[in-house]
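To start, the structure itself, in structure tokens.
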Protein chains: 2
Amino acid sequence: MSTIKRKKASRKSLILQKAAAMFREKGYAATSMRDLADTVGIEAASLYNHIKSKAEMLQEIIFRIANDAYVQLDDLEDEGLSPLQKIESIMRFHIKMNVERFEEYHVMVTEWIHLEDPYLANFTSQRRNYVQKLEAIIQQGIDNKEMQPVLPYVAVLNILSSIRGIEFWHRSRKTYSAEQIEENMVSHLLNGLKK
Amino acid sequence: MSTIKRKKASRKSLILQKAAAMFREKGYAATSMRDLADTVGIEAASLYNHIKSKAEMLQEIIFRIANDAYVQLDDLEDEGLSPLQKIESIMRFHIKMNVERFEEYHVMVTEWIHLEDPYLANFTSQRRNYVQKLEAIIQQGIDNKEMQPVLPYVAVLNILSSIRGIEFWHRSRKTYSAEQIEENMVSHLLNGLKK
DNA sequence: CCTACCGATCGGTAGG
DNA sequence: CCTACCGATCGGTAGG
């Protein structure tokens with residue numbers, strides 16, 4: 001029985017992984033359950049033995065990665081870093097997330113509009129909360145004289161948006177390595193903040 | 001007859017404007033012609049007296065604004081600015097575009113995946129070309145000693161991605177003015193480039 | 001996990 | 001610009 005359970009669980013995660021890839025490639029609304037079933041190698045009706053609905057798959061993909069980001073930020077609070085070091089650490093964490101789990105990451109940042117309430121409301125309030133924590137760190141860096149007096153709202157917008165832009169690198173022929181992207185992105189955005 | 005023609009043209013541009021608003025809000029694939037017709041105030045079938053297809057509307061929205069950006073970049077070449085001044089000018093132009101025509105701008109940067117060939121191929125090659133021109137300007141700024149030696153590919157990615165992120169400001173309660181967004185965005189991203 | 005099927009909705013057309 | 005309608009496809013269920 002534990003074997004069956006394990007088999008079922010891995011089947012579900014295969015489906016979610018393929019779903020994330022398709023949602024990223026074609027968008028949530030333009031992905032049909034039949035397309036997904038073909039990719040997985042079963043009939044459309046059979047998907048429903050593993051997942052409850054198309055909407056539920058989107059929720060699971062988005063909240064799994066969103067929660068990982070959230071947890072990392074909480075863990076960071078205890079580490080006694082300066083505001084500038086914290087921002088650098090968060091940037092590198094997000095860049096690595098986007099490089100390694102780019103399908104989920106991309107679905108989170110672009111397909112969240114297709115969530116339905118209460119998931120939609122949860123997601124947007126969770127994100128607002130997250131952004132406000134980052135803004136507070138930057139404000140501390142300014143008070144600290146570690147950073148220039150740039151509007152924290154805009155600095156956070158620039159940082160998160162730039163990382164989101166790594167999507168283009170994924171779609172390209174990847175002339176540059178993930179390390180080059182990370183180092184240059186961190187240095188451009190951090191130089192713009194430093195005093 | 002010229003009155004009729006004008007009336008028809010304005011009807012079409014009303015439809016395109018409403019379409020851009022809906023494509024942005026719900027995504028291209030999730031917007032139905034019936035939804036759009038309701039918003040315009042006519043029957044779905046009547047839309048086809050003004051436009052050829054749903055796909056054609058997407059093409060017109062995207063290429064109109066993409067071409068405007070393209071033309072502006074060409075005009076800039078003649079103005080005898082330094083590389084750093086050019087980048088600042090391009091940034092401010094894009095920020096203003098995103099602030100004033102945010103529905104079209106957002107459709108261009110997020111819904112282009114739903115273009116079909118040959119429009120899809122045209123769009124991506126036009127964009128690659130555009131990005132390469134920006135990269136060349138930044139490379140000149142580095143050779144110039146006006147800018148730090150950051151990878152031009154990444155600098156352009158950060159700049160265009162950050163501007164795209166203004167979408168979040170549009171969705172927010174807009175605690176900050178468009179001018180504040182522009183000035184802070186320019187200063188953060190340009191400071192990170194300057195020597 | 002499959003066959004067989006449902007009602008709803010899609011983009012679009014014919015004809016006026 | 002409308003009524004009436006088309007074939008295709010959608011997400012999902014029943015029953016095995």
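Computed over heavy atoms, backbone and side chain alike; hydrogens, waters and symmetry mates excluded. In what follows, chains are A, B, ... by sequence order, proteins preceding strands, each numbered from 1.
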Spell out, as yes or no, whether a donor-acceptor pair under 3.5 Å connects the side chain of B:H50 to the backbone of B:I15.
no

Just wondering, do B:Q72 and B:D75 contact through their side chains at under 4.5 Å, heavy atoms?
no

How does each nucleotide of nucleotides 5-16 of chain D score, in 5' to 3' order, for protein heavy atoms under 4.0 Å: base (B), sugar-phosphate only (S), or none (-)?
-----BBBB---

Given the rule that I, L, V, M, F, W and Y join up when any side-chain heavy atoms are under 4.5 Å apart, are B:Y130 and A:F168 in one cluster?
yes

Just say parallel, tilted or perpendicular for the rings of A:Y105 and A:H94, cut-offs at 30° and 60°.
perpendicular

When the distance from CD of A:E43 to C1' of C:dA4 is rounded to whole Å, what number comes out?
11 Å

Does atom NZ of A:K18 have more than 12 heavy-atom neighbours from other groups under 6.0 Å away?
no

Using a 4.5 Å cut-off on heavy atoms from C-beta on, say whether the side chain of A:L193 contacts that of A:Q148.
no

Any heavy-atom pair between the side chains of A:K86 and A:P83 that's under 4.5 Å?
no

Through what angle, rounded to 10 degrees, does the axis of the helix from C:dC1-D:dG16 to C:dG16-D:dC1 turn between its ends, using five pairs per end?
0°

Checking A:F23 now: which residues fulfil ring-ring contact (aromatic ring centres under 6.0 Å, His included) with it, not counting sequence neighbours?
A:Y28

